[in-house]
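The structure appears right after this line, and notes come after that.
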There are 2 protein chains.
Amino acid sequence: MFFMGARGPQPSLSVAKIVAAAIEVLDAGDAVSVRAVAARLDVRPNTIYTYLPDKAALDSAVADRLLELANPDVLTGRRSWRRRVGDYAVAVRTVLLERPGAIALFHSAPMNGPAALTVGERLLDAFAHAGLPDENASRAAYAVMTYALGAVALSDADSDSEPERAARLAGIPADAFPRSARTAPVAATWNGEEQFRWGLARLLDGLVSR
Amino acid sequence: MFFMGARGPQPSLSVAKIVAAAIEVLDAGDAVSVRAVAARLDVRPNTIYTYLPDKAALDSAVADRLLELANPDVLTGRRSWRRRVGDYAVAVRTVLLERPGAIALFHSAPMNGPAALTVGERLLDAFAHAGLPDENASRAAYAVMTYALGAVALSDADSDSEPERAARLAGIPADAFPRSARTAPVAATWNGEEQFRWGLARLLDGLVSR
DNA sequence: ACCTGAACACCGTTCAAGT
DNA sequence: ACCTGAACACCGTTCAAGT
């Protein structure tokens with residue numbers, strides 16, 4: 001009583017450990033669920049709620065960790081602003097595509113964690129080096145994240161196998177959709193990294209064009 | 001037997017009716033689920049599987065219908081390619097933002113339905129009018145859809161109320177994140193239509209800049 | 001303060017059965 | 001051919017209870 005000694009049980013968990021377990025779940029190819037994360041921690045599902053208010057908070061924390069796994073350090077250094085922004089965008093795409101189910105987390109997760117803040121600050125710095133005034137740099141930073149996350153969402157959605165996609169595109173009627181039929185070989189590569197880099201380069205061109 | 005007369009029961013359902021019911025579910029503010037759609041049709045959940053192979057097929061059909069609800073006709077006519085593309089992109093954004101839960105459908109739905117095909121063909125036509133050769137027009141069309149869907153996904157994710165977002169942004173420490181703190185007022189509008197149009201205009205600038 | 005047992009209201013999906 | 005009853009393996013979340 002004098003020392004207020006009753007410290008209670010030592011907590012065996014923490015938000016960091018929960019997030020790490022969620023990343024393991026993702027790496028195993030499964031979707032992040034409260035129950036799957038709890039199982040990996042050898043704990044009952046409702047234990048998670050001692051540390052996080054709800055599933056959205058879990059998603060948010062995991063999403064922020066994924067932005068960190070993409071290595072925001074490539075946004076720093078003395079390389080050109082274009083390389084810095086481009087390399088990080090490609091890294092985010094890779095990190096998310098390697099983990100099916102990762103992009104879904106961003107649906108319920110506003111990008112407001114510490115990693116998102118760091119990424120945002122460094123994007124602003126890069127666009128300042130590109131010559132953009134504050135307001136445009138802010139809008140540009142958001143536009144880049146919009147493009148990157150949109151690309152992952154669309155790629156993830158297309159679960160068709162290579163031959164399935166080829167067959168579908170080959171089946172486009174040339175009389176009703178001549179341009180689509182003619183460009184089917186390009187559309188077959190829409191989910192590839194080359195298309196991602198092409199669109200990103202054009203976006204960056206446009207962002208600094210005034 | 002002569003007339004092969006046993007036609008069996010008249011089907012009371014169809015894929016079109018199921019999709020219409022799913023849109024009603026979305027309009028009511030609920031997420032599309034097999035069970036919610038079935039309930040609206042006064043039918044048991046497993047009945048849906050007589051018409052569609054799985055949930056992904058339902059999502060795909062509903063997603064295509066949403067692209068149609070955005071009115072692809074604005075992509076035609078003798079207005080400038082920029083207005084055509086811009087108006088449709090804004091319409092897609094509006095249609096999806098008006099229905100929380102709509103953007104989630106695009107996760108499991110490759111854009112391969114009839115409306116997606118029509119939209120694709122008309123985007124190719126618009127970019128041809130902008131002077132792009134076939135391959136670049138194809139890549140440009142996909143980049144625009146990438147940007148539009150990414151913007152909706154990010155807007156939808158940010159469920160913070162106005163004051164919550166303002167408080168969060170005001171709390172950014174100016175010493176560690178000077179640029180973010182300075183541009184917080186702009187970041188507060190990232191989910192608005194003005195930001196969407198700004199980024200889209202820059203993307204279109206970049207797409208036709210060569 | 002931390003963790004659990006039990007329960008609730010949801011999911012998508014299957015399979016055998018009825019008409 | 002179309003629809004259902006019943007069941008299975010999942011979800012997120014709550015609440016009272018145990019330590």
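Letters go in sequence order (proteins before strands), and every chain restarts at 1. For clarity, every value in this text was computed on a predicted model and none was experimentally measured.
Between B:N191 and A:Y142, the closest side-chain pair of non-hydrogen atoms falls below 4.5 Å. Residues B:L66 and B:R99 are in side-chain contact: their nearest non-hydrogen atoms beyond the backbone lie under 4.5 Å apart.
Under the 4.0 Å criterion applied to side-chain N and carboxylate O atoms, B:E135 and B:R139 are assigned as salt-bridge partners. Between B:D30 and B:R40, no side-chain nitrogen of the basic residue sits less than 4.0 Å from a carboxylate oxygen of the acidic one, so the salt-bridge criterion is not met. Using a 4.0 Å cut-off between charged nitrogen and carboxylate oxygen, A:R197 and A:E194 do not count as a salt-bridge pair.
Summarising the geometry, the separation between CD1 on B:I48 and C1' on C:dT13 is reported as 13 Å, rounded to the nearest angstrom. Between the CG atom of B:L52 and the P atom of C:dT14 there is a distance of 13 Å, rounded to whole Å.
Remark: side-chain polar atoms of A:D64 are paired, donor with acceptor, to backbone N or O of A:A116 under 3.5 angstrom. Proximity of a side-chain donor or acceptor of B:S138 to a complementary backbone N or O of B:D134 within less than 3.5 Å is not detected.
Here B:S12 reaches the OP1 or OP2 of D:dC3: one of its side-chain N or O atoms lies under 4.0 Å away. Contact between the side-chain N/O atoms of B:Y51 and the OP1/OP2 oxygens of D:dA1 is not found at any separation under 4.0 Å. For B:T50 and D:dC3, the shortest distance from a side-chain N or O to OP1 or OP2 is not below 4.0 Å.
Out of C:dT13, C:dC11, D:dG12, the shortest distance to the side chain of A:K55 is found at D:dG12. Comparing C:dT14, D:dT13, C:dC2 by their closest approach to the side chain of B:Y49 singles out C:dT14. Nearest to the side-chain atoms of A:L13 among the listed nucleotides D:dC3, C:dT13, C:dC3 stands C:dC3. Distances from the side chain of B:V43 to the nucleotides C:dT13, C:dC3, D:dT4 place D:dT4 closest. Nearest nucleotide to the B:R44 side chain, out of D:dG5, C:dC3, C:dT13: D:dG5.
Between A:F127 and A:W81, the two ring planes are tilted [angle within 30° to 60°].
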**Asked** Under a cut-off of 3.5 Å for both distances of each Watson-Crick or G-U pair, what dot-bracket string does DNA chain D give, using [ ] for crossing pairs and | for inter-strand pairs?
**Response** ||.|||||...|||||.||
Show each protein N/O and nucleotides 6-9 of chain D N/O combination with a separation under 3.5 Å, one pair to a line.
| unit_1 | atom_1 | unit_2 | atom_2 | d |
| --- | --- | --- | --- | --- |
| D:dA6 | N6 | B:N46 | ND2 | 3.4 |

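Across B:L13, B:L41, B:I18, B:D42, a single residue satisfies side-chain contact (heavy atoms from CB on, under 4.5 Å) together with B:T47, and that is B:L13.
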**Steps toward side-chain hydrogen bond (donor to acceptor under 3.5 Å, both in side chains) verdict (B:T189, B:Q195)** = CA-CA 7 Å; B:T189 71; B:Q195 162 73 24; 5.5 Å; no
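Of the residues in residues 25-34 of chain B, those with a non-hydrogen atom less than 4.0 angstrom from any atom of DNA chain C are B:S33, B:V34.
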